[in-house]
A.B. asks: 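First, the structure itself, so that you have it in front of you.
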Amino acid sequence: MFGFLKKVGDYTRDAAGAAQYMTQGLAVTFDHLRRRPVTVQYPYEKLIPSERYRGRIHYELDKCISCEVCVRVCPINLPVVDWVMNKETKKKELRNYSIDFGVCIFCGNCVEYCPTNCLSMTEEYELAAFDRHSLNYDNIALGRLPTSVTSDPAVHPLRELVYLPKGEIDPHVVPDSEPRAGRLPEQVLETLPKAEPPAAAPPANPDEKG
Ligand code: SF4
Ligand code: SF4
């Protein structure tokens, strides 16, 4: 009899302890319901990619010299540089250039090493397509202007965490007028010392006869 009563007492104490822990847990859970969700509501809201974001590659055909450096530095030799040698001018003639974004890993090596800067990385990342062959961009597709989160009137652009003011973690509550953390590349350029114009050559001495 005494053993049974002890078991009942232990059970009641355990149940009361468990109920207390569950209540504490639920209190924390319900406390989270009072906060505003820090969720980016894509596609109506989009984060602004950082300045060094490696999105879709942009290409300028008129700058390309068909040197194929981009092919050699690419981990998978991906860019296709289609050129022919013009025997009369003894120069390469570029016919077409293409990059297959279904294969590209967006490492940026080609952009880094292109000697004429005709390649650049854009902030465009929405490249989804129904057909994988349509991801093979030719020089026309590579040369079109990239989409921009900030210039799309249907999108509310939000700052990434590192660009929010100090102590702020939710981009929704930060108005656009608020100064952003960190400086833009053009603001950094303004702080750099300006190059001095070359000093004018001293006038020649009229007494000296050469
Ligand atoms: S970004 Fe990288 S993988 Fe893509 S084409 Fe350039 S070098 Fe190749
Ligand atoms: S490295 Fe630049 S210039 Fe040379 S072939 Fe590639 S895109 Fe053209």
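Start at 1 with the first residue, then count along the sequence. No experiment lies behind these values; they were computed from the predicted model shown. All ligand and atom numbering here is 1-based and tracks the order in the structure.
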A.B. asks: Counting from 1, what ligand 1 atoms have a heavy atom of Ile57 closer than 4.0 Å?
C.D. replies: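 Listed by number with element: 1 (S), 6 (Fe).
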A.B. asks: Give the residue, atom name and distance (to 0.1 Å) of the protein heavy atom nearest atom 8 (Fe) of ligand 1.
C.D. replies: Cys74 SG, 2.2 Å
A.B. asks: Would you check if the side chain of His58 reaches a backbone N or O of Gly143 as a donor-acceptor pair within less than 3.5 Å?
C.D. replies: yes
A.B. asks: Using a 4.0 Å cut-off to any heavy atom of Thr116, which atoms of ligand 2 qualify?
C.D. replies: 3 (S)
A.B. asks: Which of the atoms of ligand 2 are close to Pro115, meaning less than 4.0 Å from one of its heavy atoms?
C.D. replies: 1 (S)
A.B. asks: Atom 6 (Fe) of ligand 1 and Cys107: any N/O/S contact shorter than 2.8 Å?
C.D. replies: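 No.
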A.B. asks: Run the ring-centre check on Tyr137 versus Tyr59 and record whether the distance is less than 6.0 Å.
C.D. replies: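 For Tyr137 and Tyr59, the ring centres are not under 6.0 Å apart.
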A.B. asks: Are Lys87 and Glu93 close enough for a salt bridge, meaning some N to O gap below 4.0 Å?
C.D. replies: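 No, this pair does not count.
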A.B. asks: Does Thr122 reach the main-chain N or O of Gly55 with its side chain, forming a donor-acceptor pair under 3.5 Å?
C.D. replies: no
A.B. asks: Hey, looking at atom 6 (Fe) of ligand 2, which of Cys67, Cys114, Pro79, Cys70 has the closest heavy atom?
C.D. replies: Cys70
A.B. asks: Which residue and non-hydrogen atom of the protein lie closest to atom 7 (S) of ligand 2, and at what distance in Å?
C.D. replies: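 Answer, as residue, atom name and distance: Cys118 SG, 3.3 Å.
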A.B. asks: Considering only non-hydrogen protein atoms, determine which one is nearest to atom 1 (S) of ligand 1 and report residue, atom name and distance to 0.1 Å.
C.D. replies: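 Ranking protein heavy atoms by distance from atom 1 (S) of ligand 1, first comes Gly108 N, 3.3 Å.
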A.B. asks: What's the separation between atom CG in Asn139 and atom CG in Leu61, rounded to the nearest 0.5 Å?
C.D. replies: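 Interatomic distance, Asn139 CG to Leu61 CG, rounded to 0.5 Å: 5.0 Å.
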A.B. asks: Taking only heavy atoms of Cys64 into account, list the atoms of ligand 2 that are under 4.0 Å away from them.
C.D. replies: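 Those of ligand 2 that fall under 4.0 Å from Cys64 are 3 (S), 5 (S), 7 (S), 8 (Fe).
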A.B. asks: Should the proximity of Val111 to ligand 1, defined as any heavy atom under 4.0 Å, be assigned to the side chain, the backbone, both, or neither?
C.D. replies: neither
A.B. asks: Less than 4.0 Å between a side-chain N and a carboxylate O, is that true for Glu123 and Lys46?
C.D. replies: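 Salt bridge flag = no for Glu123 with Lys46.
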A.B. asks: Find all atoms of ligand 1 within a distance of less than 4.0 Å from any non-hydrogen atom belonging to Cys110, and give their numbers and elements.
C.D. replies: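 So the answer, numbered in order with elements, is 1 (S), 5 (S), 6 (Fe), 7 (S).
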A.B. asks: What atoms of ligand 2 come closer than 4.0 angstrom to any heavy atom of Val69?
C.D. replies: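 Matching atoms, with element in brackets: 1 (S).
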A.B. asks: To which protein heavy atom is atom 4 (Fe) of ligand 1 closest, and what is the distance rounded to 0.1 Å?
C.D. replies: Cys104 SG, 2.3 Å
A.B. asks: Does the Arg54 side chain pair with the main chain of Phe106, one donor and one acceptor, at a distance under 3.5 Å?
C.D. replies: yes
A.B. asks: For Arg13, is there an ion pair with Asp10 - N to carboxylate O distance below 4.0 angstrom?
C.D. replies: yes
A.B. asks: Could you check whether Arg180 pairs with Glu51 (Lys NZ or Arg NE/NH1/NH2 to Asp/Glu carboxylate O, under 4.0 Å)?
C.D. replies: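 Yes, charged N to carboxylate O under 4.0 Å.
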A.B. asks: Considering heavy atoms of the protein only, find what lies nearest to atom 5 (S) of ligand 2 and give residue, atom and distance to 0.1 Å.
C.D. replies: Glu68 N, 3.2 Å
